[in-house]
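Before any comments, here is the structure.
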Amino acid sequence: MDLRPHLRWNGDSFTCPEVLVRRLNDGTELRGRIVETEAYLGPEDEAAHSRGGRQTPRNRGMFMKPGTLYVYLIYGMYFCMNVSSRGDGACVLLRALEPLGGLETMRQLRSTYRKGSASRALKDRELCSGPSKLCQALAIDKSFDQRDLTEDKAVWLEHSPPGPREPAVVAAARVGIGNAGEWAQKPLRFYLQGSPWVSVVDRVAEQGTQV
DNA sequence: CAGAGGATATGCT
DNA sequence: GCATATCCTCTGG
């Protein structure tokens, strides 16, 4: 298994996007195809939590072996899910999934965590179109931090069957990192062009993308 | 549709 | 104290 998805997504061998599977305690399996990621390159990356090589209790998973999960709490109330990609502080943030199975359970999980929970039913596109949304939809929380994605019984990756055409991948600036200098501009966010499941579409970046 | 504001744990100055 | 790899609700055009 290639556990350096940001290289896969960047390279010319992007033919088999991965499917993330989450098995709940009751046996329900939730499935989503990864359609958007961000790469964080490690100590040199000013926008990464591992910048400067600093290790804290929070970011320890970034420095563990490739395939280790780094799940952290953001803004005091949401989770983000990353996969360590080299073991030196580099990782991949999962930003959006195309829901493939267990959508009703995802909808339930999402509304449970949401604020005014009594409100409207969520559309399919609202289930996994953001890093913290997908954590809610798949019931991923801090207890998954530092787990091994290649060994865990509750969460793993599967290859999705190759489609008729290679999907075009857009490389765009990462989201939500305004204060990281030149690193904020680098095209380290990758998503499937035209996918309705991504969190943020960058029309300008798509102009420069070779299809 | 765009923008403002709130919730609030963790790490840094 | 202050910023942050976010999301949701409310308001105004």
Side-chain angles (χ1 to χ4, degrees), chain A residues 5-6 9-10 20 32 34-64 68-86 88-97 99 106-146 170-191 196-205:
Chain A
H6 64 284
W9 290 72
N10 227 345
L20 183 66
I34 300 172
V35 297
E36 178 183 352
T37 64
E38 278 178 5
Y40 288 85
L41 300 188
E44 62 175 18
D45 185 346
E46 283 301 313
H49 288 168
S50 53
R51 60 186 169 277
R54 283 189 289 273
Q55 293 195 43
T56 66
R58 180 178 70 159
N59 71 7
R60 174 117 205 292
M62 298 180 84
F63 295 92
M64 295 170 69
T68 304
L69 296 183
Y70 166 45
V71 179
Y72 72 95
L73 188 61
I74 186 171
Y75 297 108
M77 49 182 356
Y78 297 108
F79 294 101
C80 288
M81 177 183 191
N82 303 257
V83 185
S84 170
S85 53
R86 286 202 306 255
D88 66 347
C91 71
V92 176
L93 169 70
L94 305 186
R95 282 199 56 94
L97 307 176
M106 291 182 186
R107 211 181 315 276
Q108 230 168 13
L109 284 163
R110 282 271 290 130
S111 21
T112 303
Y113 291 123
R114 247 147 48 93
K115 288 184 182 176
S117 53
S119 47
R120 68 198 171 76
L122 293 172
K123 298 170 188 164
D124 290 355
R125 296 171 59 147
E126 298 175 289
L127 294 178
C128 301
S129 54
S132 298
K133 293 179 187 176
L134 71 88
C135 283
Q136 290 182 342
L138 299 193
I140 299 286
D141 61 19
K142 191 73 179 171
S143 71
F144 283 79
D145 188 40
Q146 298 180 24
V170 179
R174 294 174 290 185
V175 174
I177 47 171
N179 200 11
E182 61 179 75
W183 281 91
Q185 313 304 323
K186 292 180 186 288
L188 292 173
R189 183 168 70 96
F190 307 103
Y191 65 88
W197 308 103
V198 306
S199 65
V200 180
V201 169
D202 188 331
R203 298 288 177 207
V204 177

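- What separates CG of Leu73(A) from C1' of dA7(B) is a distance of 11 Å, to the nearest Å.
- Under the Watson-Crick or G-U wobble criterion, with both distances below 3.5 Å, dA4(B) is paired with dT9(C).
- One interatomic measurement links the two molecules: NE2 of His49(A) to C1' of dA5(C), which rounds to 5 Å at whole-angstrom precision.
- dC8(C) atom P lies 13 Å from atom NZ of Lys123(A), rounded to whole Å.
- dA9(B) sits 22 Å from dT9(C) when the C1' atoms are compared, rounded to a whole Å.
- The distance from atom OH of Tyr72(A) to atom C1' of dT8(B) is 15 Å, rounded to the nearest whole Å.
- Two rings, from His49(A) and Tyr72(A), have their centers less than 6.0 Å apart.
- Checked for salt-bridge contact, Asp124(A) and Arg107(A) meet the test: a charged N lies under 4.0 Å from a carboxylate O.
- The nearest whole Å value for the distance from the CG atom in Asp141(A) to the P atom in dA9(B) is 16 Å.
- Between Arg54(A) and dC12(B) there is a side-chain polar atom (N or O) within less than 4.0 angstrom of OP1 or OP2.
- dT6(C) atom C1' lies 13 Å from atom CD of Glu36(A), rounded to whole Å.
- For the pair Asp202(A) and Arg189(A), the minimum side-chain heavy-atom distance is below 4.5 Å.
- Ion pair Asp45(A)/Arg174(A) flagged as a salt bridge, since at least one NZ, NE, NH1 or NH2 atom sits closer than 4.0 Å to an Asp/Glu carboxylate oxygen.
- OP1 and OP2 of dC12(B) both lie 4.0 Å or more from every side-chain N or O belonging to Arg51(A).
- In this structure, Leu94(A) and Asn82(A) have side chains that are not in contact, with every pair of non-hydrogen atoms separated by 4.5 Å or more.
- With distances taken from any side-chain atom of Asn82(A) to the nucleotides dA5(C), dC7(C), dT10(B), the minimum falls on dA5(C).
- For dG11(B), neither phosphate oxygen OP1 nor OP2 lies less than 4.0 angstrom from any side-chain nitrogen or oxygen of Arg60(A).
- When the nucleotides dT10(B), dA9(B), dA5(C) are ranked by their closest atom to the side chain of Tyr70(A), dA5(C) comes out on top.
- Note on Leu93(A): a base of the nucleic acid sits closer than 4.0 angstrom, heavy atoms only.
- Checking dG11(B), dC12(B), dC7(C) against every side-chain atom of Pro57(A), the shortest atom distance belongs to dG11(B).
- Met81(A) comes within contact range of no nucleotide atom at all, as no heavy-atom separation falls under 4.0 Å.
- Put simply, CD on Glu126(A) is 18 Å from P on dT6(C), counting in whole angstrom units.
- Here the C1' atom of nucleotide dA5(C) and the NZ atom of Lys133(A) are 15 Å apart, to the nearest Å.
- Between Asn59(A) and Tyr70(A) the shortest heavy-atom distance is CA-CE1, 3.6 Å.
- Contact annotation: side chain of Tyr75(A) to base of dA9(B), donor-acceptor pair absent below 3.5 Å.
- When distances are taken from the side chain of Arg58(A) to each of dA5(C), dT10(B), dA7(B), the shortest belongs to dT10(B).
- Considering only the side chain of Ile74(A), dA5(C) comes nearest among dC7(C), dA5(C), dC12(B).
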